There are 2 protein chains.
Amino acid sequence: MKLLEDKILECGKVLPGHVLKVDGFLNHQIDVKLLKAMAEEFYSEFSNADVNKILTIEASGIAIATLVADKFNCPLVFAKKNKTSNVADDVYAVPVHSYTHNRDFNVIVSKKYLNKEDVVLIIDDFLANGCALKGLVDLVNQAGASVAGCGIAIEKGFQDGGKTLRDSGYKICSLAIVENMTDHSLTFRKQ
Amino acid sequence: MKLLEDKILECGKVLPGHVLKVDGFLNHQIDVKLLKAMAEEFYSEFSNADVNKILTIEASGIAIATLVADKFNCPLVFAKKNKTSNVADDVYAVPVHSYTHNRDFNVIVSKKYLNKEDVVLIIDDFLANGCALKGLVDLVNQAGASVAGCGIAIEKGFQDGGKTLRDSGYKICSLAIVENMTDHSLTFRKQ
């Protein structure tokens with residue numbers, strides 16, 4: 001999506017350790033107009049999939065996922081990161097490692113809000129090694145629901161999360177795929 | 001707002017300790033259609049205030065705040081809860097006690113995203129003792145920006161956060177104010 005790629009080139013900052021900082025428009029200050037255009041893209045990509053629920057994970061995924069849920073006119077569920085290892089029996093839970101915080105979380109969703117009739121579009125802001133996204137897919141599978149696909153704002157194409165999930169048969173739509181990044185340049189995969 | 005009050009009566013659950021559980025439509029599963037109607041209410045309440053930025057706090061405030069920012073056609077900034085006591089010098093920070101988690105956080109916003117020219121509408125899902133909201137007001141004041149007011153989904157009118165802030169001169173617009181709640185009944189303040 002050219003609009004997003006241009007915004008990344010204009011406002012993104014590459015930090016050591018392959019960190020792409022986009023807190024000017026995606027995950028601290030949020031450019032809602034841009035996110036609406038991104039939600040339109042996800043809608044045209046998945047509008048034939050009978051999606052009836054959007055799933056994301058707190059916190060940075062919520063803004064874009066809200067706008068996607070608005071397009072699909074369906075509810076949004078956001079999974080929570082639970083720091084305690086105790087898991088109540090009224091939730092689906094999956095352990096996920098966060099490289100950002102270098103710790104494990106239980107990612108949970110109340111069983112009330114994912115059902116086997118649901119066709120779920122998973123939305124998140126970033127896809128790198130895929131830990132969080134695989135966790136969300138796992139929660140949908142635990143509920144016996146269907147995964148319509150995953151809509152991602154920015155994928156780091158040089159990490160293997162996207163490849164693994166596509167190889168497993170999931171439809172992954174990333175609006176910008178960073179193929180390569182250094183302090184001085186950033187290139188996108190042609191889509 | 002009758003639509004919200006009806007939804008609280010229909011789906012809310014009162015738990016011991018004056019907890020009002022609304023995770024079926026406000027802070028886990030999200031009824032985006034209802035939140036859009038709520039955003040319209042905030043817009044009509046503050047449309048004359050020259051608002052150019054929406055501020056909320058992660059995570060539950062983000063969905064409603066995104067829809068409000070869409071109405072005002074302006075950026076959204078969400079403050080982050082920082083568990084470490086170290087505060088970088090490129091952020092505004094304020095310590096906030098969370099009664100839900102029984103611990104203190106530093107609530108932070110990057111100095112880049114709040115400026116003295118900003119007229120800020122603060123949005124959150126709940127107002128009870130007001131700790132979080134007072135923290136957000138403090139961040140706006142640190143930046144030398146103006147507070148247009150605060151838009152709250154549900155206020156617990158029997159706790160004093162709303163009163164204290166109104167007494168300090170801030171315009172607080174709460175779409176539903178719970179005056180009293182027990183296991184068996186829930187009454188709203190007439191507005």
Side-chain angles (χ1 to χ4, degrees), chain A residues 11 13 21 23-39 53-84 90-92 100-101 103 108-115 118 120 123 125, chain B residues 11 13 21 23-39 53-84 90-92 100-101 103 108-115 118 120 123 125:
Chain A
C11 306
K13 238 176 108 175
K21 208 172 152 110
D23 67 355
F25 62 94
L26 189 61
N27 47 26
H28 184 20
Q29 177 169 258
I30 289 172
D31 181 338
V32 177
K33 208 186 279 191
L34 173 65
L35 264 63
K36 257 187 115 166
M38 292 160 60
K53 201 161 274 180
I54 308 298
L55 176 68
T56 190
I57 182 167
E58 63 180 2
S60 319
I62 298 176
I64 172 78
T66 300
L67 297 167
V68 174
D70 181 34
K71 283 299 300 177
F72 281 90
N73 197 22
C74 74
L76 160 69
V77 174
F78 67 88
K80 304 195 176 198
K81 293 173 184 161
N82 205 327
K83 285 124 219 166
T84 61
D90 57 351
V91 300
Y92 300 113
T100 314
H101 300 97
R103 59 174 300 180
I108 61 167
V109 167
S110 167
K111 289 183 179 173
K112 277 184 289 186
Y113 306 131
L114 275 184
N115 311 296
D118 286 334
V120 181
I123 296 288
D125 58 338
Chain B
C11 305
K13 239 177 106 176
K21 207 172 154 110
D23 67 356
F25 62 94
L26 189 60
N27 48 26
H28 184 20
Q29 178 169 258
I30 289 172
D31 181 338
V32 176
K33 208 186 280 192
L34 173 65
L35 264 64
K36 258 187 115 165
M38 291 160 61
K53 202 160 274 181
I54 308 298
L55 177 67
T56 189
I57 182 167
E58 62 179 3
S60 320
I62 297 175
I64 172 78
T66 300
L67 297 167
V68 174
D70 180 35
K71 283 299 300 176
F72 282 89
N73 198 19
C74 74
L76 159 69
V77 174
F78 67 87
K80 303 195 176 200
K81 294 173 184 162
N82 206 327
K83 284 124 219 165
T84 61
D90 57 350
V91 300
Y92 300 112
T100 314
H101 300 98
R103 60 175 299 177
I108 62 167
V109 167
S110 167
K111 288 182 180 173
K112 277 183 289 187
Y113 306 130
L114 275 183
N115 310 297
D118 286 333
V120 181
I123 297 287
D125 58 339

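Every chain is numbered from 1 and lettered A, B, ... according to where its sequence line falls, protein lines coming before strand lines. Bear in mind that the values here come from a model prediction, so they are computed numbers and not experimental data.
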Engineer: Drop me the distance from A:Gln29's CD to B:Lys53's NZ, to the nearest 0.5 angstrom.
Structural biologist: 4.5 Å
Engineer: Quick check: are there more than 12 heavy atoms from other residues, nucleotides or ligands sitting under 6.0 Å from NZ of A:Lys81?
Structural biologist: yes
Engineer: Select, from B:Leu55, B:Val32, B:Leu34, B:Ile54, the one with the greatest count of heavy-atom pairs under 4.5 Å involving chain A.
Structural biologist: B:Val32
Engineer: Can you tell me how far apart CD1 (A:Ile30) and SG (B:Cys74) are? Round to the nearest 0.5 Å.
Structural biologist: 11.5 Å
Engineer: Kindly list each side-chain donor-acceptor pair under 3.5 angstrom involving residues 60-70 of chain A, sequence neighbours excluded, with atom names and distances?
Structural biologist:
| unit_1 | atom_1 | unit_2 | atom_2 | d |
| --- | --- | --- | --- | --- |
| A:Thr66 | OG1 | A:Ile62 | O | 2.7 |
| A:Asp70 | OD1 | B:Lys36 | NZ | 3.1 |
| A:Asp70 | OD2 | B:Lys36 | NZ | 3.1 |

Engineer: Who among B:Val109, B:Leu76, B:Val77 has the most heavy-atom pairs with chain A under 4.5 Å?
Structural biologist: B:Leu76
Engineer: Does the side chain of A:Asp23 reach to within under 4.5 Å of the side chain of B:Tyr113, using non-hydrogen atoms?
Structural biologist: yes
Engineer: Not counting sequence neighbours, which residues clear ring pair (Phe, Tyr, Trp, His ring centres under 6.0 Å) with B:Tyr92? List them please.
Structural biologist: none
Engineer: Please classify the contact of A:Asn73 with chain B as side chain, backbone, both or neither, using a heavy-atom distance under 4.5 Å.
Structural biologist: side chain
Engineer: Given heavy-atom pairs under 4.5 angstrom as the criterion, report whether the side chain, backbone, both or neither of A:Ile108 touches chain B.
Structural biologist: backbone
Engineer: Does the B:His28 side chain pair with the main chain of A:Ala79, one donor and one acceptor, at a distance under 3.5 Å?
Structural biologist: no
Engineer: Decide if atom NZ of A:Lys21 counts as having more than 12 heavy atoms of other residues, nucleotides or ligands within a radius under 6.0 Å.
Structural biologist: no
